[in-house]
S.K.: 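To start, I am sharing the structure in question, which I have written as structure tokens.
Basis for what follows: all heavy atoms, side chains included, without hydrogens, waters or symmetry-related copies. Order of the sequence lines fixes the chain letters, A, B, ..., with proteins taken first and strands second; residue numbering starts at 1 for each chain.
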2 protein chains.
Amino acid sequence: MTRSKPDSASPAPAPKASAASRLQMADIARLAGVSVSTVSRALAGSPLVNEATRLRVAELAKSLKYTINVGAQNLRLKQNRTIAVNVPYDPATRQHLSDPFFLSLIGSLADALTDRGYEMLLSRVDADRLDLAAQSFETGRAAGIVLVGQWHHHDQLNEMAVRGVPFVVWGGQLPGQLYATVGSDNLQGGRLATAHLIAQGARRVAFFGDPELPEVNLRHQGYLLALKDAGHKVDARLTRPAPFVREAIEQEVERLCAEGPRFDSVFAASDLMAMTVISTLRRLGREVPAEVRVAGYDDIELAQHFHPPLTTVRQPIAEAGQALIEQLLSQMGGARAQPILLPTTLEVRESTR
Amino acid sequence: MTRSKPDSASPAPAPKASAASRLQMADIARLAGVSVSTVSRALAGSPLVNEATRLRVAELAKSLKYTINVGAQNLRLKQNRTIAVNVPYDPATRQHLSDPFFLSLIGSLADALTDRGYEMLLSRVDADRLDLAAQSFETGRAAGIVLVGQWHHHDQLNEMAVRGVPFVVWGGQLPGQLYATVGSDNLQGGRLATAHLIAQGARRVAFFGDPELPEVNLRHQGYLLALKDAGHKVDARLTRPAPFVREAIEQEVERLCAEGPRFDSVFAASDLMAMTVISTLRRLGREVPAEVRVAGYDDIELAQHFHPPLTTVRQPIAEAGQALIEQLLSQMGGARAQPILLPTTLEVRESTR
DNA sequence: CTGAAAGCGCTAACAC
DNA sequence: GTGTTAGCGCTTTCAG
């Protein structure tokens with residue numbers, strides 16, 4: 001899925017008029033022997049129009065498969081029922097839309113939107129220029145924006161909020177945040193997972209993840225809290241700042257195994273990461289969970305089918321989509337941006353037993 | 001991800017005008033002391049406009065963060081740069097957007113579209129009413145349509161083609177097909193996988209999948225061909241028609257193990273299915289690959305991280321998106337619908353050794 | 001109850 | 001070079 005051409009690709013030839021002039025209101029008005037206004041009213045189900053003519057128009061439209069041109073309708077009505085969902089991609093690796101968790105989240109957003117009669121415009125954004133996501137709002141394409149992941153650039157998001165762009169982001173709550181986030185309780189989740197590892201007898205828990213990302217950072221803080229709760233000493237070398245790239249994770253595991261320090265369990269910031277960690281450990285001859293216990297985060301569908309089935313912190317995906325859309329819509333309705341924290345639960349499976 | 005409300009949900013309150021009237025061309029015309037037409041030309045980079053004024057207008061627009069209202073622009077230009085991508089969902093189970101393969105395909109489509117300056121409208125369609133997907137074209141929302149999976153209802157698709165709706169579907173090539181499909185060479189893929197199992201010493205290969213689906217059906221035919229190539233007798237009881245639902249697959253595995261017939265390997269119609277089969281076999285105490293060899297189809301990202309790493313037929317995802325869009329665009333440009341077959345390759349891993 | 005006319009925000013002849 | 005004008009396909013006053 002690595003593409004070579006940059007986003008700034010030439011817009012290509014002409015997409016021009018699609019098909020020889022589509023059917024329009026005037027046509028069915030003529031055919032029905034009424035004026036366009038009547039057709040408009042009839043199709044809108046206005047009580048002003050005679051039931052007989054309403055029916056006639058409706059049937060004519062149906063048999064001719066005529067449907068109102070939403071573009072024109074929206075222009076006239078100044079309304080808009082599409083929401084732009086933006087998935088950040090790392091401009092360096094051009095990796096994107098790859099983590100199953102985000103993909104499920106998109107599915108859940110699609111559900112939530114369809115349920116409310118909205119459409120979803122899906123696109124990618126350069127993770128370093130999250131503010132560009134605002135464009136689909138500014139060009140009138142979308143009535144609101146969902147950002148799937150905040151990455152770095154808290155600042156850009158705050159600036160968007162100041163500009164009055166209606167948007168929500170899936171991510172962690174940050175101090176001084178002017179925009180709305182929806183996310184799982186990352187702190188609590190990290191704490192849960194780590195506490196569980198400790199309860200299983202872990203003495204030296206390693207943390208894998210990129211603490212530059214707000215969400216991961218919160219999970220890391222939860223990890224630290226749990227260590228403190230248990231009276232464990234924190235060994236900073238056990239925090240391994242690996243980005244979400246397979247090779248980097250593998251390397252980090254190899255380094256940790258080779259150079260130390262000693263560790264008897266791992267809390268990984270995502271399931272995908274946990275799975276990679278487990279594969280690598282296995283390749284290096286360390287058994288999971290016998291020698292090293294591993295817990296993940298997300299509870300993606302495959303976590304339970306993995307071998308060993310993965311202990312993980314479950315984020316409620318279906319609710320996530322609902323909450324994101326609800327928050328966005330209420331914001332579009334004039335409400336203030338309000339962060340939402342979704343509860344997490346620990347799914348204990350074989351990988352930590 | 002199971003939603004309770006049906007699609008026919010009430011369209012909810014009013015989304016009305018977003019924010020107090022956005023900035024528009026007239027505004028920046030006034031501010032620049034020129035007419036709207038000049039602004040329009042300037043922003044479009046027309047050579048008719050004086051370089052000095054062009055610059056002035058451009059800067060004014062930028063500083064005010066003005067962007068052209070695409071809705072109005074499209075209406076006037078009768079153009080449209082959005083493509084609707086529709087993901088069918090099973091109305092019975094309301095399962096959708098769940099198989100990682102389809103999700104990756106969406107990612108690949110997003111890439112292909114962005115590269116060409118198109119936008120992507122993502123929605124679900126009832127798998128039994130694929131023809132409803134045409135609506136986004138008929139309402140002028142989209143200039144063309146991509147259908148991710150043909151399911152049953154070849155007929156509905158043919159009818160859409162007759163109606164002149166520009167669309168492509170990801171799926172298998174069927175006889176008497178009036179529309180364009182893009183898909184991997186399912187027949188060849190099924191043959192490859194099965195032949196490989198036989199080469200590994202398999203004598204009794206079971207097939208898991210729903211042969212009602214054209215793609216799966218082709219994979220099954222490939223399976224039969226490979227058996228014939230090898231001079232094996234076909235045992236119809238080894239074909240297990242399981243839908244893509246986890247519980248159904250587990251049950252089918254249990255039944256096969258309990259009631260026979262005997263089998264020493266499995267070719268599953270998708271990786272997800274293969275993984276479920278493996279987990280179930282393991283639960284029943286049958287080791288993979290020692291006792292049963294298992295091969296899948298798709299080569300999703302997780303196949304290589306699975307334990308054991310999964311032997312599978314790789315479908316070229318990046319090319320898939322490109323091919324779908326290329327085919328659709330050329331169709332929109334007036335070309336005839338032309339099926340495309342993508343090459344498959346066998347990825348041999350531990351699960352069949 | 002229905003039609004004529006104006007206008008949503010923009011572009012493209014057609015004048016000057 | 002730039003402004004004036006008409007009109008994309010629809011909805012909605014405002015008169016009948």
S.K.: What's the verdict on side-chain contact (heavy atoms from CB on, under 4.5 Å) for B:Y179 and B:N158, showing C-alpha distance, side-chain angles and the deciding distance?
M.R.: CA-CA 6 Å; B:Y179 54 94; B:N158 265 344; 3.3 Å; yes

S.K.: Quiz question: going by heavy-atom distance under 3.5 Å, is there a donor-acceptor pair between the base of D:dT4 and the side chain of B:S37?
M.R.: yes

S.K.: Before accepting this row, confirm whether a basic side-chain N of the pair A:E138/B:R22 lies closer than 4.0 Å to the acidic partner's carboxylate O.
M.R.: no

S.K.: Report the residue (A:L75 or A:S35) whose heavy-atom-nearest nucleotide on DNA chain C is the more 5′ of the two.
M.R.: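 The answer here is A:S35.
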
S.K.: A:L77 has an atom CG; how far is it from atom P of C:dG9, in whole Å?
M.R.: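 Taking CG of A:L77 and P of C:dG9, I get 12 Å after rounding.
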
S.K.: Using a cut-off of less than 4.0 Å, is there contact between a side-chain N or O of A:T38 and OP1 or OP2 of C:dG3?
M.R.: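 A:T38 to C:dG3 OP1/OP2: side-chain N or O found under 4.0 Å.
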
S.K.: Can you measure A:N74 atom CG to C:dG9 atom P for me and round it to whole angstrom units?
M.R.: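 Taking atom P of C:dG9 as the reference, CG of A:N74 is at 13 Å.
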
S.K.: For A:L48 and D:dT11, what is the distance between atoms CG and C1' respectively, to the nearest whole Å?
M.R.: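 A:L48 atom CG is separated from D:dT11 atom C1' by 13 Å.
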
S.K.: Tell me: CD1 of B:I68 to P of C:dC8, nearest whole Å?
M.R.: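 So the two atoms are 17 Å apart, to the nearest Å.
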
S.K.: I'd like to know if A:D111 pairs up with B:R124 as an ion pair, taking the criterion as any Lys NZ or Arg NE/NH1/NH2 lying under 4.0 Å from an Asp or Glu carboxylate oxygen.
M.R.: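 Looking at A:D111 and B:R124, the cut-off is met.
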
S.K.: Nearest whole Å is fine: how far is C:dG3 P from A:R30 CZ?
M.R.: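 Rounded to the whole Å, the gap is 15 Å.
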
S.K.: Does A:Y66 make a side-chain N or O approach to OP1 or OP2 of D:dG9 shorter than 4.0 Å?
M.R.: no

S.K.: Separation of A:Q24 atom CD from D:dC8 atom C1', in whole Å?
M.R.: 9 Å

S.K.: Would you check if the side chain of A:Q331 reaches a backbone N or O of A:A337 as a donor-acceptor pair within less than 3.5 Å?
M.R.: no

S.K.: Going by an N to O cut-off under 4.0 Å, is there a salt bridge joining A:R54 and A:E51?
M.R.: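 So A:R54 pairs with A:E51 through a salt bridge.
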
S.K.: If you assign each of B:V34 and B:R76 to its closest nucleotide in DNA chain D, which residue comes earlier from the 5' end?
M.R.: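 In this pair, the answer is B:V34.
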
S.K.: Grab the CD-P distance between B:E51 and D:dT2 for me, whole Å please.
M.R.: 11 Å

S.K.: When you measure from the side-chain N and O atoms of A:Q73 to the phosphate of D:dT11, is any distance below 4.0 Å, counting only OP1 and OP2?
M.R.: yes

S.K.: Less than 4.0 angstrom between a side-chain N/O of A:T53 and OP1 or OP2 of C:dT2, yes or no?
M.R.: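 Looking at the OP1 and OP2 atoms of C:dT2, one of them is under 4.0 Å from a side-chain N or O of A:T53.
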
S.K.: So, does the side chain of B:R41 form a donor-acceptor pair with the base of D:dG3 at under 3.5 Å?
M.R.: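 Result: at least one qualifying N/O pair found.
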
S.K.: Would you say B:K78 places a side-chain N or O within less than 4.0 Å of OP1 or OP2 belonging to D:dG9?
M.R.: yes

S.K.: Whole-Å distance between D:dT11 P and A:L43 CG?
M.R.: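 Taking atom P of D:dT11 as the reference, CG of A:L43 is at 8 Å.
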
